[in-house]
Visitor: 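Pasting in a structure now, in structure tokens, and then I'll have a few things to ask.
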Amino acid sequence: MPRPRSLTTRQIAAAALAVIDRDGLPALSMRTVAAELDRRTMALYRYVEDREELECLVVDLALGPVLDRATRAPAAPSPRTRLLTLLDLMREAVGAHPGILPLAVRHHGNCLPALRWREQLLEALADAGLDAPQRAAALHALVSYVIGELELEHHAAAAAAPAGPLVPETFPLLSAALAARAATDPARAFTDGARTVLDGLGLT
């Protein structure tokens with residue numbers, strides 16, 4: 001019998017990402033990834049130690065374009081513009097594979113592209129004149145905004161509207177706000193929200 005060809009961790013991550021894109025994150029397992037690669041499940045353990053490592057590989061692959069595009073992008077004219085660009089790049093990367101958002105949140109502390117993305121955010125915040133405590137607070141605010149916005153856009157559409165009928169006479173401001181948001185392109189809404197956060201941080 002011919003020896004099966006070797007796999008790379010990138011091939012395994014790509015197969016896992018294909019499973020998530022097609023069937024959703026709950027379908028991800030060593031068994032389903034092995035089936036995607038036409039291998040026995042135990043064969044994957046030659047390359048990946050466990051589910052935890054598999055998830056990290058998926059996040060690295062999905063978020064890699066954030067770092068690549070940020071590195072290739074021309075120098076932005078201001079720290080604020082750089083920050084908006086970095087936030088938009090993360091939205092695009094997750095938007096291409098929405099199912100990985102919970103994994104990106106879970107593994108942001110050991111995913112190299114995510115770590116470098118946050119480092120670049122901090123560099124822009126430093127260039128804007130924020131000291132260390134201010135940078136820490138601003139980074140937390142920006143990362144929280146991105147996670148929350150992406151969760152609403154891709155995984156919690158129902159959360160944007162209250163359960164049951166919404167009576168405009170009872171909730172006039174909420175009705176107007178939800179209607180305005182529903183009529184806004186998601187990319188534009190994301191950027192508008194990011195600008196509001198940056199305004200609040202004093203980054204004009």
Side-chain angles (χ1 to χ4, degrees), residues 1-73 83 85-123 136 139-160 186-187 190 194:
M1 293 289 292
R3 183 188 179 106
R5 62 181 175 81
S6 296
L7 292 172
T8 65
T9 54
R10 184 176 182 85
Q11 288 174 318
I12 294 171
L17 196 54
V19 170
I20 295 170
D21 287 345
R22 184 182 63 243
D23 302 320
L25 183 57
L28 180 66
S29 68
M30 297 294 277
R31 180 184 60 79
T32 56
V33 175
E36 189 76 15
L37 293 164
D38 195 24
R39 297 296 180 89
R40 295 180 182 274
T41 301
M42 292 306 298
L44 293 191
Y45 288 97
R46 293 174 52 198
Y47 308 93
V48 179
E49 182 175 347
D50 52 22
R51 164 78 181 237
E52 187 86 359
E53 184 178 357
L54 177 64
E55 290 181 355
C56 290
L57 290 172
V58 171
V59 175
D60 282 347
L61 180 63
L63 298 190
V66 173
L67 181 60
D68 293 341
R69 290 187 60 187
T71 302
R72 295 196 308 267
L83 289 166
T85 297
L86 288 165
L87 297 178
D88 284 341
L89 288 174
M90 182 59 77
R91 177 186 176 272
E92 291 177 15
V94 173
H97 307 283
I100 65 102
L101 179 58
L103 301 184
V105 174
R106 189 181 308 158
H107 298 289
H108 72 275
N110 54 3
C111 168
L112 189 56
L115 290 171
R116 289 182 175 171
W117 176 74
R118 285 190 289 163
E119 182 72 12
Q120 291 182 345
L121 288 175
L122 287 167
E123 289 172 357
L139 178 67
H140 179 77
L142 291 172
V143 172
S144 297
Y145 169 74
V146 171
I147 292 172
E149 188 67 19
L150 291 174
E151 176 68 22
L152 285 173
E153 181 177 347
H154 296 292
H155 297 292
F190 179 89

Visitor: Do NZ/NE/NH1/NH2 and the carboxylate oxygens of E149 and R91 come within less than 4.0 Å?
Guide: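 Looking at E149 and R91, the cut-off is not met.
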Visitor: side-chain contact (heavy atoms from CB on, under 4.5 Å) for L67 and Q120? Distances and angles first, verdict last.
Guide: CA-CA 9 Å; L67 181 60; Q120 291 182 345; 4.0 Å; yes
Visitor: Set out, in order, the CA-CA distance, both residues' side-chain angles and the distance that settles side-chain contact (heavy atoms from CB on, under 4.5 Å) for I20 and L103, then state yes or no.
Guide: CA-CA 11 Å; I20 295 170; L103 301 184; 4.1 Å; yes
Visitor: Let me confirm one number: the CG-CG distance from D50 to L44, rounded to the nearest 0.5 Å.
Guide: 12.0 Å
Visitor: If you count every heavy atom of other residues, nucleotides or ligands that lies below 6.0 Å from D38 atom CG, does the total exceed 12?
Guide: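 Incorrect, the count does not exceed 12.
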Visitor: Nearest 0.5 angstrom please: L87 CG to L150 CG, how far?
Guide: 10.0 Å
Visitor: Give, for atom CG of L54 and atom OH of Y47, the distance between the pair rounded to the nearest 0.5 Å.
Guide: 14.5 Å
Visitor: Under 3.5 Å, sequence neighbours excluded: what are the donor-acceptor pairs made by side chains of residues 24-34?
Guide:
residue, atom, partner, partner atom, Å
S29, OG, R31, N, 3.3
S29, OG, T32, N, 3.0
S29, OG, T32, OG1, 3.2
T32, OG1, A27, O, 2.9
T32, OG1, S29, N, 3.0
T32, OG1, S29, O, 3.0

Visitor: For V105 and E151, what are the C-alpha separation, side-chain angles and deciding distance, and is it a side-chain contact (heavy atoms from CB on, under 4.5 Å)?
Guide: CA-CA 10 Å; V105 174; E151 176 68 22; over 6 Å; no
Visitor: With side-chain hydrogen bond (donor to acceptor under 3.5 Å, both in side chains) as the rule and sequence neighbours excluded, what pairs involving residues 12-22 come up?
Guide: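 Sorted result for residues 12-22: D21-H97, R22-E36.
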Visitor: Considering only distance and modelled atom types, tabulate donor-acceptor pairs under 3.5 Å from the side chains of residues 112-119, sequence neighbours left out.
Guide:
residue, atom, partner, partner atom, Å
W117, NE1, L86, O, 2.9
R118, NH2, H108, O, 3.0

Visitor: Output yes when a side-chain donor or acceptor of Y145 lies under 3.5 Å from a complementary backbone atom of H140, and no otherwise.
Guide: no
Visitor: From L63 CG over to L89 CG, what is the distance, rounded to the nearest 0.5 angstrom?
Guide: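 Interatomic distance, L63 CG to L89 CG, rounded to 0.5 Å: 11.5 Å.
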Visitor: Within this structure, what is the CG-CD distance for the pair N110 and E55, rounded to the nearest 0.5 Å?
Guide: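 Here the rounded value is 10.0 Å.
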Visitor: For H154 and G95, which heavy atoms make the closest approach, and how far apart are they?
Guide: NE2-CA, 3.7 Å
Visitor: Could you pull out the closest heavy-atom pair between A93 and A62, with the gap in Å?
Guide: CB-O, 3.9 Å
Visitor: Between CD1 of I147 and CG of L142, what distance do you get to the nearest 0.5 Å?
Guide: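 CG of L142 is found 11.0 Å from CD1 of I147.
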